[in-house]
Amino acid sequence: MLEGLPPNNAGHMLRLDCDEKRARAVADLIVETFDPTETAAAAFELDGGPLWSVEVYFADAPDEALILALIESAAGAEIARAARFSTIAEQDWVENALAGLAPVRAGRVLVHGAHDRARRRANDIGVEIEAALAFGTGHHGTTLGCLKALDRIAKRRRPARILDVGTGTGVLAIASALIFHQRVACGDIDPIAVATARANASANGAGPYVRPLVATGLRHPALQGRYDLIFANILAKPLRLLAPQIAGAAAPGAELVLSGLLARDVPGVLDAYRAQGFFLAERGDIDGWATLVLKRGGRG
């Protein structure tokens, strides 16, 4: 999952304030460039004014010159000069960074923290994710795009077998399990992500349906088989490399929901899946990130 987990015992951070467009551009470039298990970025609106803030957390001391060069390429030299690096004490910094985020809705699915349980409506599918556990809370355009695609799919069909490749915090797997009341196979390359997803599944009453595994792509015996719905919210390069594996796991009539893509990544990913016999059925764009729904066939 693109949003990944915060670095363990993050001891270094960067902060800068600027307008929304450039704040999002900087945060997106950091997320795209660095390993999400080592570096995490968030952009959010500051109270009482038009400014936005970007906070980047690092597991290890960052290469400041490299980071500043990236910021300059995304937002200009003036914004790069305004960036400030610091060290931080061990703390629940993710909780602090995300505590003010509102619940995220995609149709009936509401992703929220414990403090927003009261916002659930009678027929909502609530997925409760605590900020202290992970960044994969649904606020990022990739996760939200996948949740919206899931909501649309659920209105027209009931997949018999579901797979979530790179499950991260487990949001997509948990939401799918709660909607369809069935097991969702899922895995992630990061053992910490797997432990987090398991805890999230249990906390949301989806433990019997969602049992994440440590796996590279689909390379785990328990993930073998054919699936009617496959999620892969990762990054463009692994999506291209995994195209044969994902295509091989797709049952006749399966739908693939792919995300973690900037607009410039879409053509290359589509080419990789067209070569496997898939065409583009739907595309959604949120905050510069694209989510693709693919089907097998001759169109597109």
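FYI, side chains are in, hydrogens and waters are out, and symmetry mates aren't considered; it's all heavy atoms of this structure. None of these values were measured; they are calculated from a predicted model. In this chain, residues are counted from 1 in sequence order.
Residue I162 is tested with L229, I230, I179 for a side-chain contact (heavy atoms from CB on, under 4.5 Å); the sole match is L229.
You'll find the side chain of E32 reaches within 4.5 Å of the side chain of L262, heavy atoms only. P191 is not listed as a side-chain neighbour of V194, based on a closest heavy-atom distance of 4.5 Å or more. Counting heavy atoms from C-beta on, the side chains of L163 and V165 come closer than 4.5 Å. Proximity of K295 to F279: side-chain heavy atoms (C-beta onward) are separated by under 4.5 Å at one or more points. Within the 4.5 Å cutoff, no side-chain heavy atoms of F231 are placed close to those of L258. T167 has its side chain out of reach of L172: every pair of non-hydrogen atoms, C-beta onward, lies at least 4.5 Å apart. Counting heavy atoms from C-beta on, the side chains of Y209 and I174 never come closer than 4.5 Å.
Both the sub-6.0 Å distance and the 45° axial angle are satisfied by R161 relative to the ring of Y227.
By the criterion of side-chain heavy atoms lying less than 4.5 angstrom apart, applied directly or through intervening Ile, Leu, Val, Met, Phe, Trp or Tyr residues, M13 is not grouped with W52; the two fall into different hydrophobic clusters. Tracing side-chain contacts under 4.5 Å through hydrophobic residues (I, L, V, M, F, W, Y), one never reaches I153 starting from L110; they form parts of separate clusters. Taking hydrophobic clusters as Ile, Leu, Val, Met, Phe, Trp and Tyr residues chained together by side-chain heavy-atom distances below 4.5 Å, F34 does not share a cluster with I189.
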Q. Going through the checks in order, is the side-chain contact (heavy atoms from CB on, under 4.5 Å) test met by L150 and S176?
A. CA-CA 7 Å; L150 170 62; S176 298; 3.6 Å; yes

Q: Determine, step by step, whether L292 and V257 satisfy the side-chain contact (heavy atoms from CB on, under 4.5 Å) criterion, reporting the C-alpha distance in whole Å, the side-chain angles of both residues, the deciding distance to 0.1 Å, and the verdict.
A: CA-CA 6 Å; L292 312 178; V257 180; over 6 Å; no

Q: Under the side-chain contact (heavy atoms from CB on, under 4.5 Å) rule, what do L14 and Y57 come out as? Steps first, then yes or no, please.
A: CA-CA 7 Å; L14 171 149; Y57 295 87; over 6 Å; no

Q: Show your working on side-chain contact (heavy atoms from CB on, under 4.5 Å) between L147 and V171 and close with a plain yes or no.
A: CA-CA 9 Å; L147 287 170; V171 170; 4.1 Å; yes

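Taking OG1 of T143 as the reference point, atom CG of N233 lies at 5.0 Å (rounded to 0.5 Å). Atom CG of residue L261 and atom CG of residue L270 lie 8.5 Å apart, to the nearest 0.5 angstrom. Of the inter-residue distances, the one linking Q276 atom CD with L242 atom CG reads 11.0 Å to the nearest 0.5 angstrom. Atom CZ in R152 sits 9.0 Å away from atom NZ in K155 (nearest 0.5 Å). For the atom pair CZ of R22 and CG of L16, the computed distance is 10.0 Å after rounding to the nearest 0.5 Å. Rounded to the nearest 0.5 angstrom, H220 NE2 and L213 CG are separated by 4.5 Å.
Atom CZ of R211 sits in a sparse spot, with 12 or fewer heavy atoms from other residues, nucleotides or ligands closer than 6.0 Å. The number of heavy atoms from other shown groups lying within 6.0 Å of CZ (R219) does not exceed 12.
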Compile the donor-acceptor pairs under 3.5 Å between side chains in residues 63-74 and protein atoms, sequence neighbours left out, one pair per line.
| unit_1 | atom_1 | unit_2 | atom_2 | d |
| --- | --- | --- | --- | --- |
| D63 | OD1 | A65 | N | 3.3 |
| D63 | OD1 | L66 | N | 3.2 |
| S73 | OG | L70 | O | 2.7 |

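Side-chain atoms of Y273 come within 3.5 Å of backbone atoms of L239 as a donor-acceptor pair (strictly under, hydrogens ignored). A donor-acceptor pair under 3.5 Å is formed between the side chain of T196 and the backbone N or O of I192. Judged by distance alone, with hydrogens and angles left aside, the side-chain atoms of D19 form a donor-acceptor pair with the main-chain N or O of K21 at under 3.5 Å. Side chain of Q224 to main chain of A249: no donor-acceptor pair is present (N/O by atom type, distance under 3.5 Å, no hydrogens or angles). Side-chain atoms of R108 come within 3.5 Å of backbone atoms of N123 as a donor-acceptor pair (strictly under, hydrogens ignored).
The residues K148 and D151 are annotated as not salt-bridged, no charged nitrogen and carboxylate oxygen being separated by less than 4.0 angstrom. A salt bridge links E255 with R156: at least one charged nitrogen is closer than 4.0 Å to a carboxylate oxygen. Ionic pairing of D124 and R105 is present here: one or more N-O contacts between side-chain nitrogen and carboxylate oxygen are shorter than 4.0 angstrom. At a threshold of 4.0 Å, the pair R226-D228 does not count as salt-bridged, since none of the basic side-chain nitrogens sits closer than that to a carboxylate oxygen.
Nearest heavy atoms, V109 versus A175: CG1-CB, 4.3 Å. Nearest heavy atoms, T87 versus H12: CG2-ND1, 3.7 Å. Heavy atoms only, all atoms of each residue included: L144 and A106 are closest at CD1-CB, 4.3 Å. Among all heavy-atom pairs drawn from A173 and V210, the shortest one is O-CG2, 3.7 Å. Nearest approach of C18 to I79, heavy atoms of both residues: CB-CD1, 3.6 Å. Minimum heavy-atom separation, G166 to D188: C-OD2, 3.3 Å.
Under 3.5 Å, the side chains of H112 and R117 contain no donor-acceptor pair of N or O atoms. Side chains of S86 and R15: no donor on one and acceptor on the other come within 3.5 Å. With no hydrogens or angles considered, a side-chain donor-acceptor pair links T291 and S259 at under 3.5 Å. A donor-acceptor contact closer than 3.5 angstrom is absent between the side chains of N200 and T169.
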